[in-house]
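The block underneath contains the structure these notes are about, expressed in structure tokens.
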Amino acid sequence: MLTRCHRSGGGESGRFRACCGWGRAGYGGRVRDPNVTRSAAGQLSPQRRAADLRRLRAERFDVLVIGGGATGAGAALDAASRGLKVALVEARDFAAGTSSRSSKLIHGGLRYLEQLEFHLVHEALTERGLLATRLAPHLVRPVPFLIPLPAGRGLRDLPARLFRRSYYGAGVAAYDAFAGLFGTGRGMPLHRHLTREGARRVFPSLRADALAGAIRYYDGQVDDARLVVTLARTAASLGATVVSSARAVGLVRQAREVTGVRVRDLEAPPGSPDAEFEVRARTVIAATGVWSDDMSRMLNDVGLRPGIRVRASKGVHLVVPRSAITGETGLIVRTATSVLFVIPWGGHWIIGTTDTDWRLDRSHPAASARDIQYLLDQVNLVLDRPLSSADIEGVYAGLRPLLAGEADSTSKLSREHAVFEPMLGLLLVAGGKYTTYRVMAADVVDRAAHRLGGVRPSRTADLPLLGADGYAAMWRDRADLARRHGVPVGVVEHLLERYGTLTLAVLALIAADPLLASPLAGAPEYLAAEVTYATRSEGALHLEDVLTRRTRISFETAHRGLDSAGHTAELMGAVLGWDAATREREIAHYRARVEAERESQLMPDDATADAARLGVPDVRGFAADRGVDGVGDGPLHLPTSSR
């Protein structure tokens, strides 16, 4: 069902100069006012949100994207970069669903190579190279992994040991070959074979009696939520209208053509007559991930068969302190059904993941005690000091959207993606994996371009994201940058690895208010300035947006962010104008959320864990968590209206 249609030209009209520095381009698209920097044009400030809401009400868009995950934000960026007039609406926060709950890897997928899905590996490794070298080198960087080779029993098992080393070695060599021969910019070192002693030097916590040696290879690591926010901001910098807490609650139709979407502003005062409105669009793209089936059911109600079915696979991850395991690399270990990663993450390790079918609430997938024990049991097979629940700092669960097939196990379902047009003017994109978000975005926008006509080809393979331009030089000169701003080099390194060259904007906040240089309460690895920046420039509207996605404090600390909530609310409130009652309400909601998650993680199975997690409503105040209405990076059950 996938097609690629390339056209030249493009068109857009409208006004945007007054608020965000945009004017008309010669071809009809938007160009940035030369007096406005690219980063300023991409600010997702409270004032920008108000202006973008006015645009949603007043203008007609070439492309309206529903869903602010990696694919949706990527589609908005792709369309905006072609000169189209674009809007993106997200029901909750950017990356609030699947796109903030991954294994934090940009990778080709060794197991897909084993399954002979060479095209998928080729595609993913190409994207890995682009991200690590050109598009987002400040966010995607190499991380080494060991593949431990199990020990046998004496000379009798020597042939088996030699076979395993040859088998895995050939696989990793092919992985490197795909990246080197077909990938665009490797961005990763080559693999190496290690003896048992060599493997133990690199990773002393490996059990010596279960180890015959190892193979070291490299993949990419990313802060998944931060990449999505950067995608959304880059789209905004090209003139896209980008609004979170804006829930699509209905399709607008003329006869059998979709001509827009009804949207509800979830930040509007209760009872506001302006809370719900229509957004007009020539094409609507639904990038709704694990909620794609809800769109299918809605279309069935009007007699259409979209021909798409998505299953949700739950992936649970544990976070433990770096001191719990001694090692310089990550691990990838085979299990009976899938693979297990042990991934270095700053001062922590991420351990995951599970791969099980999930048919319950999709907004807040819950990790059960069974999931947690499974991961501990698997990782303890290769560690010399077993981990226990007492070592766990954080737990998070996410859902993978898999194109459904005949396989009983979700681990065998396809990571392919597909684009469908079930109704004139409506495009659905589903499946795929985080690493290939850009390919998925280009494919669905190609279909929209074919419909619109006269649209230039995708150019996102050559478009650095905000913070990428000049990153290598700024990293090289980081000591000078630290000296000029009077902060430690370690602080500058931390900021560069999160913001790239946008670090200058964070440092400017500190220069204007030196108190913002202080560490955030309960999370000293983050600065107070980062909370202010998230609220002023990155679209954060609620406490959990900052504690779970703009930072990762919710799973990096044993207190799950509770010790940071008061300080964070104070900083956010200064930007958003919160009074004392609003600050306390935000803190109370976040506390209830953490308590519900902790309770769910004590439950024995999915059903009881889900029930415990659903005890707390969403902070954005809609009833749709249980599938009542709406869509974004959240559940969908849309009515339709005809004119």
Side-chain angles (χ1 to χ4, degrees), residues 43-53 90-94 96 225 229 243-247 264-275 364 506 508-510 512-599 613 615-623 625:
Q43 273 195 319
L44 298 181
S45 64
Q47 296 78 16
R48 169 68 178 260
R49 184 177 187 276
D52 279 356
L53 280 169
E90 162 54 42
R92 295 190 289 167
D93 184 27
F94 306 112
V229 170
V243 182
S244 63
S245 283
R247 189 172 188 80
R264 184 181 305 152
D265 176 13
L266 298 176
E267 302 299 324
S272 170
D274 299 323
H364 305 290
V506 182
L509 292 177
I510 294 172
D513 182 359
L515 289 178
L516 294 178
S518 62
L520 190 64
E525 62 270 35
Y526 294 99
L527 302 180
E530 295 182 76
V531 175
T532 299
Y533 185 75
T535 315
R536 287 189 180 183
S537 300
E538 295 182 334
L541 299 174
H542 293 279
L543 194 56
E544 72 169 40
D545 299 348
V546 169
L547 293 176
T548 63
R549 287 174 289 277
R550 304 306 182 277
T551 71
R552 313 320 294 268
I553 295 169
S554 65
F555 66 72
E556 290 176 342
T557 59
H559 57 76
R560 311 286 175 95
L562 291 179
D563 291 356
S564 307
H567 192 190
T568 303
E570 180 183 346
L571 292 162
M572 294 186 71
V575 178
L576 296 172
W578 290 349
D579 58 18
T582 304
R583 290 196 302 271
E584 288 305 315
R585 188 162 56 247
E586 287 281 333
I587 293 169
H589 177 275
Y590 186 78
R591 181 180 297 112
R593 175 186 183 274
V594 170
E595 290 171 353
E597 287 182 346
R598 283 175 165 165
E599 182 182 359
R613 179 61 184 88
V616 178
D618 195 283
V619 68
R620 283 167 167 81
F622 50 80
D625 282 334

dist M572:CE -> T535:OG1 (nearest 0.5 Å) comes out at 4.0 Å

[X] side chain near [Y] side chain, heavy-atom distance below 4.5 Å:
X: R92; Y: R620; result: yes
X: H559; Y: V594; result: no
X: L543; Y: H589; result: no
X: V229; Y: R549; result: no

Looking only at non-hydrogen atoms, find the nearest pair between [X] and [Y] and report the distance.
X: P46; Y: V575; result: CG-CG1, 4.3 Å
X: I510; Y: A529; result: CG1-CB, 3.7 Å
X: A91; Y: L266; result: O-CD1, 3.3 Å
X: A540; Y: L576; result: O-CD1, 4.1 Å
X: I587; Y: G566; result: CD1-CA, 3.8 Å
X: S564; Y: A521; result: OG-O, 2.6 Å

Could you work out, with side chain to side chain contact (heavy atoms under 4.5 Å, CB included) as the rule, every residue matching [X], not counting sequence neighbours?
X: A275; result: A268, S272
X: R49; result: L53, V243, S245, D265, E267, L541
X: P514; result: none
X: D513; result: L515, L516

Can you pull the salt bridge (charged side-chain N to carboxylate O under 4.0 Å, His left out) pairs that have at least one residue in residues 522-537, sequence neighbours excluded?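 Those involving residues 522-537 are R498-E530.
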
Could you check H364 against D618 for side chain to side chain contact (heavy atoms under 4.5 Å, CB included), going step by step and ending with a plain yes or no? CA-CA 9 Å; H364 305 290; D618 195 283; 3.7 Å; yes

Output, in order, the C-alpha distance, side-chain angles, deciding distance and verdict of side chain to side chain contact (heavy atoms under 4.5 Å, CB included) for R593 and R613. CA-CA 8 Å; R593 175 186 183 274; R613 179 61 184 88; 3.7 Å; yes

Applying side chain to side chain contact (heavy atoms under 4.5 Å, CB included) to D93 and R550, what does each step give before you reach the verdict? CA-CA 10 Å; D93 184 27; R550 304 306 182 277; 2.8 Å; yes

In T568, L547, V616, the residue satisfying side-chain contact (heavy atoms from CB on, under 4.5 Å) with Y590 is L547

Dump the intermediate steps for side chain to side chain contact (heavy atoms under 4.5 Å, CB included) on L571 and V546, then the final yes or no. CA-CA 11 Å; L571 292 162; V546 169; over 6 Å; no

Using only atom types and a distance under 3.5 Å, with no angle test, would you say the side chain of S554 pairs donor to acceptor with the backbone of R560?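 Answer holds: no.
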
Scan residues 522-546 for pairs that pass ring pair (Phe, Tyr, Trp, His ring centres under 6.0 Å), counting only residues two or more places apart or in two chains.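 Residue pairs with at least one partner in residues 522-546: H494-Y526, Y499-Y533.
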
